[in-house]
Protein chains: 2
Amino acid sequence: MAVLEDRGHRSTAPRRAIIRFLQGKQEGFTAEEIGRELPDVGRATIFRTVKLLLKAGVICRLNLPDGAPKYSLSRVEHHHHTVCVRCGNVGEFRAATIERLMRAIGGDIPGEAVGHRIELHIICNQCLLEADSR
Amino acid sequence: MAVLEDRGHRSTAPRRAIIRFLQGKQEGFTAEEIGRELPDVGRATIFRTVKLLLKAGVICRLNLPDGAPKYSLSRVEHHHHTVCVRCGNVGEFRAATIERLMRAIGGDIPGEAVGHRIELHIICNQCLLEADSR
DNA sequence: CGAGATACCGATACTCAGTATCAATGAACC
DNA sequence: GGTTCATTGATACTGAGTATCGGTATCTCG
């Protein structure tokens with residue numbers, strides 16, 4: 001909640017509103033969605049705040065398989081995302097094995113490895129159910 | 001070369017020009033870059049052709065860490081990308097270990113795994129050199 | 001080869017995510 | 001309470017990609 005103050009930013013009404021809105025969010029969200037939910041907050045401010053939260057590590061950005069941008073709360077520090085190729089819902093997962101493996105691969109590749117990003121494309125349970133019942 | 005004809009598309013001058021241009025490309029490229037190189041080809045046609053080549057599997061789309069879109073030739077069927085966080089150049093790699101691991105993780109996660117995408121963020125050798133010499 | 005159907009073209013106008021600008025406001029700190 | 005300066009919203013812009021549409025070129029078939 002005091003993520004921004006901790007980083008030397010001011011606590012303003014729009015910022016509080018955005019953070020409060022995101023607090024409940026289980027699924028990923030788009031910037032446009034925030035705007036729809038908080039019509040009193042200017043568009044620019046939404047993007048500015050999203051950027052701050054990104055830098056603070058509170059949320060993270062990912063792309064759906066078609067490239068559409070989406071954000072999600074970072075519940076755990078280092079993690080990766082599952083994204084449903086049907087409905088676009090995103091989830092998180094961690095796997096220590098991956099981290100070890102990526103470090104090993106980083107050593108085999110020219111240049112210095114500084115990080116990675118992994119997206120697991122799935123069809124989520126709900127979409128599977130809907131497909132069945134059709 | 002006859003990728004498009006093989007899929008029932010027509011062989012037209014703009015398409016041939018784009019494919020010929022991409023043939024040489026080692027690094028990743030953007031749509032805008034194609035347009036700069038082939039000013040006689042309309043913008044819409046570039047995006048249309050890029051989309052066809054994507055569907056045909058000839059090229060693939062990826063995002064730089066900041067979300068900027070980029071394309072790269074698919075030299076091998078299933079592969080992943082390294083992207084330099086300094087200069088944005090992209091490379092390819094494969095690692096059978098990853099594929100096995102991702103399949104295992106897919107089994108542990110609710111829903112049906114259908115694919116994945118992995119980006120390894122690096123600082124490429126050239127950027128390392130430049131950083132040293134400064 | 002000639003002709004017709006239609007896939008494809010370029011120009012243009014649009015959408016969508018995100019950024020730049022700028023005058024007005026309101027946190028923070030004294 | 002007053003001052004400073006980060007922040008705001010409005011607005012205009014950029015960059016990637018899509019929709020539309022009248023005109024053109026490719027493919028196919030006779």
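Naming: A, B, ... by sequence-line order, numbering from 1 per chain. Values reported hereafter were calculated over all heavy atoms of this structure, with side chains retained and with hydrogens, waters and symmetry mates removed. Every value quoted in this text rests on a predicted model; they were computed, and no experiment measured them.
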Next item on the list: Count the heavy atoms belonging to other residues, nucleotides or ligands that lie under 6.0 Å from CD of A/Q126, then report whether that count exceeds 12.
Entry: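 No - once you tally the heavy atoms of other residues, nucleotides and ligands closer than 6.0 Å, there are 12 at most.
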Can you tell me the distance, in whole Å, between the [atom1] atom of [X] and the [atom2] atom of [N]?
{"X": "B/L53", "N": "D/dG17", "atom1": "CG", "atom2": "P", "result": "14 Å"}
{"X": "B/I18", "N": "C/dG10", "atom1": "CD1", "atom2": "C1'", "result": "12 Å"}
{"X": "A/L38", "N": "D/dT8", "atom1": "CG", "atom2": "C1'", "result": "15 Å"}
{"X": "A/I46", "N": "C/dA20", "atom1": "CD1", "atom2": "P", "result": "18 Å"}

Nearest to the [X] side chain among [options], which nucleotide is it?
{"X": "A/K51", "options": "C/dT19, C/dG26, C/dT6", "answer": "C/dT19"}
{"X": "A/P14", "options": "D/dA6, D/dT8, C/dT19", "answer": "D/dT8"}
{"X": "A/P69", "options": "C/dC9, C/dA17, D/dT7", "answer": "C/dA17"}
{"X": "A/A44", "options": "D/dA16, C/dA20, C/dT12", "answer": "C/dA20"}
{"X": "A/R61", "options": "C/dA5, C/dA17, D/dT18", "answer": "C/dA17"}
{"X": "B/T12", "options": "D/dG17, D/dT26, C/dT12", "answer": "D/dT26"}
{"X": "B/F47", "options": "D/dT18, D/dT8, C/dG10", "answer": "D/dT18"}
{"X": "A/A31", "options": "C/dA7, C/dG18, D/dG17", "answer": "C/dG18"}

Notebook entry, point to check: Would you say the side chain of B/R48 and the base of D/dG17 hold a donor-acceptor pair, judged only by whether the two atoms sit under 3.5 Å apart?
Noted result: no
Item checked: Under 3.5 Å donor-acceptor pair, B/R43 side-chain atoms to D/dG17 base atoms ->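 Such a pair exists between side chain and base.
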Check: Hey, does the side chain of A/H9 come within less than 4.0 Å of D/dT7's phosphate (OP1/OP2), counting only N and O?
Finding: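 Result: yes.
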Checklist line | Pairwise 5' ranking along DNA chain D for A/R10 and B/S11, keeping only the more 5' one | finding: A/R10
Next item on the list: Find which nucleotide of DNA chain D each of B/Y71 and B/R16 is nearest to by heavy atoms, and output the residue with the more 5' nucleotide.
Entry: B/Y71
Notebook entry, point to check: With the threshold set at 4.0 Å, does a side-chain nitrogen-carboxylate oxygen contact exist between A/E99 and A/R103?
Noted result: no
Check: Between B/K25 and B/E37, is there a side-chain N and carboxylate O pair less than 4.0 Å apart?
Finding: no
Margin query: Between A/H121 and A/H81, does the side-chain hydrogen bond (donor to acceptor under 3.5 Å, both in side chains) criterion hold? Intermediate values first, please.
Written below: CA-CA 9 Å; A/H121 298 167; A/H81 293 102; over 6 Å; no
Next item on the list: Name the orientation class of the two ring planes belonging to A/F93 and A/H80 (parallel below 30°, tilted from 30 to 60°, perpendicular beyond 60°).
Entry: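 The arrangement is tilted - the two ring planes meet at 30° to 60°.
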For [X], report the nucleic acid contact type (base, sugar-phosphate, nothing); a contact means any heavy atom under 4.0 Å.
{"X": "B/T30", "result": "nothing"}
{"X": "B/V41", "result": "sugar-phosphate"}
{"X": "A/D66", "result": "nothing"}

